[in-house]
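This one's a predicted model, so the numbers in the text were calculated from it and none came from an experiment.
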Amino acid sequence: MTEALLAEGSLGPLTTRNRLIRAGTSETMAAQDGAVTDKLIGLYETLAANGVGAIFTGHLYCHPRGQYARRQTGVYDDRLIPGLQRLTDAVHRAGGLVLGQVAHAGSQSRVEGVSTLAPSAVPNALTGRHVPAGSSEEIEEAVAAFADGARRVLSAGFDGVHIHGANGYLISEFLSPLTNRRDDDWGGDPARRARFALEVAKAVRAVVPADRALTMKLGMVDAPPGGLDIAESARVAALLVEAGLDALEISCGVMSAATDSARQYVAVDRRRAAEDLLFHRLLSEPAEEAYFMPWLRRVREEVDTTLVAVGGMRRPETMNALVASGEADFVAMARPFIREPALARLIAEGRTRRVDCTSCNICLMHEGHHSLRCWRYPRRRLLQHAAYRLSGGFRWGPRAD
């Protein structure tokens, strides 16, 4: 039974046709300069036409220094607005809603030649990249870049702005005591570490009118030990809502390829990848669904706002129960919609079995190198992937769901 999941929802001023959200994920479908392509438009048009309640785009880099990967979609220049307008027009023609996810990669950028930004000169926990500490002027420039990116998103006709404040990108880095070791106005204690996130939220809220939604993907707990914890991040969540956010998507903070929790959420070891390839679905059932829910429940206790649950949503029964109980207002997925773009329609038509995605993360291995797709289907993609894997032509990176 999925009545609660399929009921209309409220995302700030927006009314969604159901409680299913396509979570943002890297598409690697833009042009080299970040411009929208026909292939990218086709992806979003397909999702909207198949009945998803709302779409969070893949992260749109708001400053040239904030680019995460090659062929990432950009929102750093006004010349990109017409292409983004074509994307929103296609989604709206299909009856959908779409929020532009504005982001800055911080020290987690994987693009060679990009002189990126970090709160402190700490090697990135996921990539190992060394980035000098940003100056106060550079930090203020980044805050302004988020607001400028939001303005462009709205000019392009998006239904709202979704700020990326999770998964080890710049906002996560400012929030975390692991990556923010400053002792000035931008760091030194929890209040000052939260300042960057709050300044971004306020600056973006100032350009987002009341008839558009403003939401945020917020990292609650860091993967490496000694990082941001749920008690501190719940307090930050309350401050962000006071600053004008309409909803929060609850996710993880700073990532690390060296921790078990990071493998669970965004990567797989070689054994898991081999099992997924050889024994599809037999050995690759996820050990846990809805793995960020303990954090979401803590936020629910302390903050009165709309909450989006993401992370390991795989069974319609589980999704419906979370919404029906009031624990979550929406359920978001990324990887399942890669494998099954028509998933929302299938659930509306009575689908009860779990999604086809096995969380193998083969799609993740191709991030920044090949267009977003499920490499399990059709079989020729598995052969293409095998050749690519043997060539060593991939790097790990964070996936939104």
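Although no hydrogens or angles enter the test, the distance criterion places a donor-acceptor pair under 3.5 Å between the side chain of Gln101 and the main chain of Thr57. A donor-acceptor contact shorter than 3.5 Å is absent between the side chain of Ser10 and the backbone of Gly12. Although no hydrogens or angles enter the test, the distance criterion places a donor-acceptor pair under 3.5 Å between the side chain of Asn320 and the main chain of Ala4. A donor-acceptor pair under 3.5 Å links the side-chain atoms of Glu27 to the main chain of Gly58, judged by distance alone. Using modelled atom types, one side-chain atom of Glu173 and one backbone atom of Ser107 make a donor-acceptor pair closer than 3.5 Å. Judged purely by atom type and a 3.5 angstrom limit, Asn18 has no side-chain atom pairing as donor or acceptor with the backbone of Val52. Panel note: side chain Arg235, backbone Pro190; no donor-acceptor pair is recorded below 3.5 Å. No donor-acceptor pair closer than 3.5 Å links the side chain of Thr16 to the backbone N or O of Arg19. At distances below 3.5 Å, not a single donor-acceptor pair connects side-chain atoms of Asn180 with backbone N or O atoms of Leu175. Counting only distance, with no hydrogens or angles, the side chain of Arg354 and the backbone of Cys357 share a donor-acceptor pair below 3.5 Å.
Each of Leu99, Val200, Leu240 was checked for a side chain to side chain contact (heavy atoms under 4.5 Å, CB included) with Ile163, and the lone residue meeting it is Val200.
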- [ ] Apply the test salt bridge (Lys or Arg N to Asp or Glu O under 4.0 Å) to residues Arg297 and Glu327: give CA-CA distance (whole Å), side-chain angles for both, the deciding distance (0.1 Å), then the verdict.
- [x] CA-CA 7 Å; Arg297 293 184 182 106; Glu327 292 184 282; 2.4 Å; yes
Open item on the list: Assess the residue pair Asp185 and Arg182 against the criterion (salt bridge (Lys or Arg N to Asp or Glu O under 4.0 Å)); give the C-alpha distance rounded to whole Å, side-chain angles, the decisive distance to 0.1 Å, and a yes or no.
Closed with: CA-CA 8 Å; Asp185 292 342; Arg182 304 177 72 94; over 6 Å; no
**Asked** Please walk me through it: do Glu289 and Thr318 pass side chain to side chain donor-acceptor pair (under 3.5 Å)?
**Response** CA-CA 8 Å; Glu289 280 192 279; Thr318 301; 2.9 Å; yes
Exercise for review: Show your working on side-chain contact (heavy atoms from CB on, under 4.5 Å) between Leu40 and Thr73 and close with a plain yes or no.
Suggested key: CA-CA 9 Å; Leu40 185 67; Thr73 313; 3.5 Å; yes
Go through the steps for Asp78 and Arg152 under the test salt bridge (Lys or Arg N to Asp or Glu O under 4.0 Å), then give the verdict.
-> CA-CA 7 Å; Asp78 285 357; Arg152 296 182 185 106; 2.8 Å; yes
Item to complete: Start with the C-alpha distance between Glu141 and His63, add both sets of side-chain angles, then the distance that settles side-chain contact (heavy atoms from CB on, under 4.5 Å), and finish with yes or no.
Response: CA-CA 9 Å; Glu141 181 184 20; His63 192 286; 3.2 Å; yes
| field | Thr28 and His370: CA distance, side-chain angles, deciding distance, side chain to side chain donor-acceptor pair (under 3.5 Å) verdict | value | CA-CA 6 Å; Thr28 315; His370 296 108; over 6 Å; no
Could you check Glu302 against Arg298 for salt bridge (Lys or Arg N to Asp or Glu O under 4.0 Å), going step by step and ending with a plain yes or no? CA-CA 7 Å; Glu302 301 189 20; Arg298 176 65 179 271; 2.6 Å; yes
Item to complete: Output, in order, the C-alpha distance, side-chain angles, deciding distance and verdict of side-chain contact (heavy atoms from CB on, under 4.5 Å) for Thr215 and Phe56.
Response: CA-CA 10 Å; Thr215 61; Phe56 294 155; 4.1 Å; yes
(message) Run Ser233 and Trp295 through side-chain contact (heavy atoms from CB on, under 4.5 Å) and show every step you take.
(response) CA-CA 9 Å; Ser233 56; Trp295 306 341; over 6 Å; no
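With rounding to the nearest 0.5 angstrom, the CZ atom of Arg345 is 13.5 Å from the CG atom of Leu20. For the atom pair CG of Leu198 and CG of Leu239, the computed distance is 5.5 Å after rounding to the nearest 0.5 Å. Distance check: Ile250 CD1 to Ile230 CD1 gives 7.0 Å after rounding to the nearest 0.5 Å. Distance check: Leu248 CG to Met220 CE gives 7.5 Å after rounding to the nearest 0.5 Å.
Looking at Ser176 and Asp222, their side chains do bring a donor and an acceptor atom within 3.5 Å of each other. Side chains of Gln67 and His104: a donor-acceptor N/O pair is absent below 3.5 angstrom, by distance only. Side-chain atoms of Ser251 and Asn167 form a donor-acceptor pair, as typed in the model, at a separation below 3.5 Å. Between the side chains of Ser26 and Gln72, no donor-acceptor pair is found at a separation under 3.5 Å. Side-chain contact annotation: Asp159 with His92, donor-acceptor N/O pair under 3.5 Å present. There is no side-chain donor-acceptor pair under 3.5 Å between Arg129 and Asn124.
A cation-pi arrangement is absent between Arg22 and Phe337, since the terminal nitrogen or guanidinium carbon is not both under 6.0 Å from the aromatic centre and inside a 45° cone about the axis.
At a threshold of 4.5 Å between non-hydrogen side-chain atoms, the residues Val36 and Leu80 do not count as touching. Looking at Pro224 and Leu178, their side chains come closer than 4.5 Å, going by heavy atoms from C-beta outward. A 4.5 Å side-chain heavy-atom check between Glu340 and Val355 finds at least one atom pair inside the cut-off. Taking 4.5 Å as the limit, some side-chain heavy atom of Arg314 sits within range of a side-chain heavy atom of Pro336. Considering only heavy atoms from C-beta on, Thr25 stays 4.5 Å or farther from Arg335 through its side chain. For the pair Val161/Met216, no side-chain contact is recorded, criterion being any heavy-atom separation below 4.5 Å from C-beta on. Side chains of Leu6 and Ile347 form a contact here, defined as non-hydrogen atoms less than 4.5 Å apart. Between Arg65 and Tyr76, every side-chain heavy-atom pair lies at or beyond the 4.5 Å cut-off.
The six-membered or imidazole ring of Tyr61 lies away from that of Tyr68, with a centre-to-centre distance of 6.0 Å or more. Between Tyr169 and His59, the distance from one ring center to the other falls under 6.0 angstrom.
The minimum heavy-atom distance linking Phe158 with Val153 is given by the pair CD1-O, 3.1 Å. Closest of all the heavy-atom pairs between Ala290 and Leu322 is CB-CD1, 4.2 Å. Considering every non-hydrogen atom in both Met255 and Ala223, the closest pair reads CA-CB, 4.2 Å. The nearest pair of heavy atoms linking Val102 to Cys62 is CG1-CB, 3.6 Å. Residue Pro123 comes nearest to Gly128 through the heavy atom pair CB-O, 4.1 Å, listed as atom of the first residue, atom of the second, then distance. When every heavy atom of Ala133 is checked against every heavy atom of Pro119, the shortest pair comes out as CB-O, 3.6 Å.
Atom CG of Asp189 has more than 12 neighbouring heavy atoms from other residues, nucleotides or ligands inside a 6.0 Å radius. Taking a 6.0 Å sphere around CD of Glu317, one finds it holds 12 or fewer heavy atoms contributed by other residues, nucleotides or ligands.
For Asp184 and Arg192, the salt-bridge test fails: no basic side-chain N is under 4.0 Å from an acidic carboxylate O.
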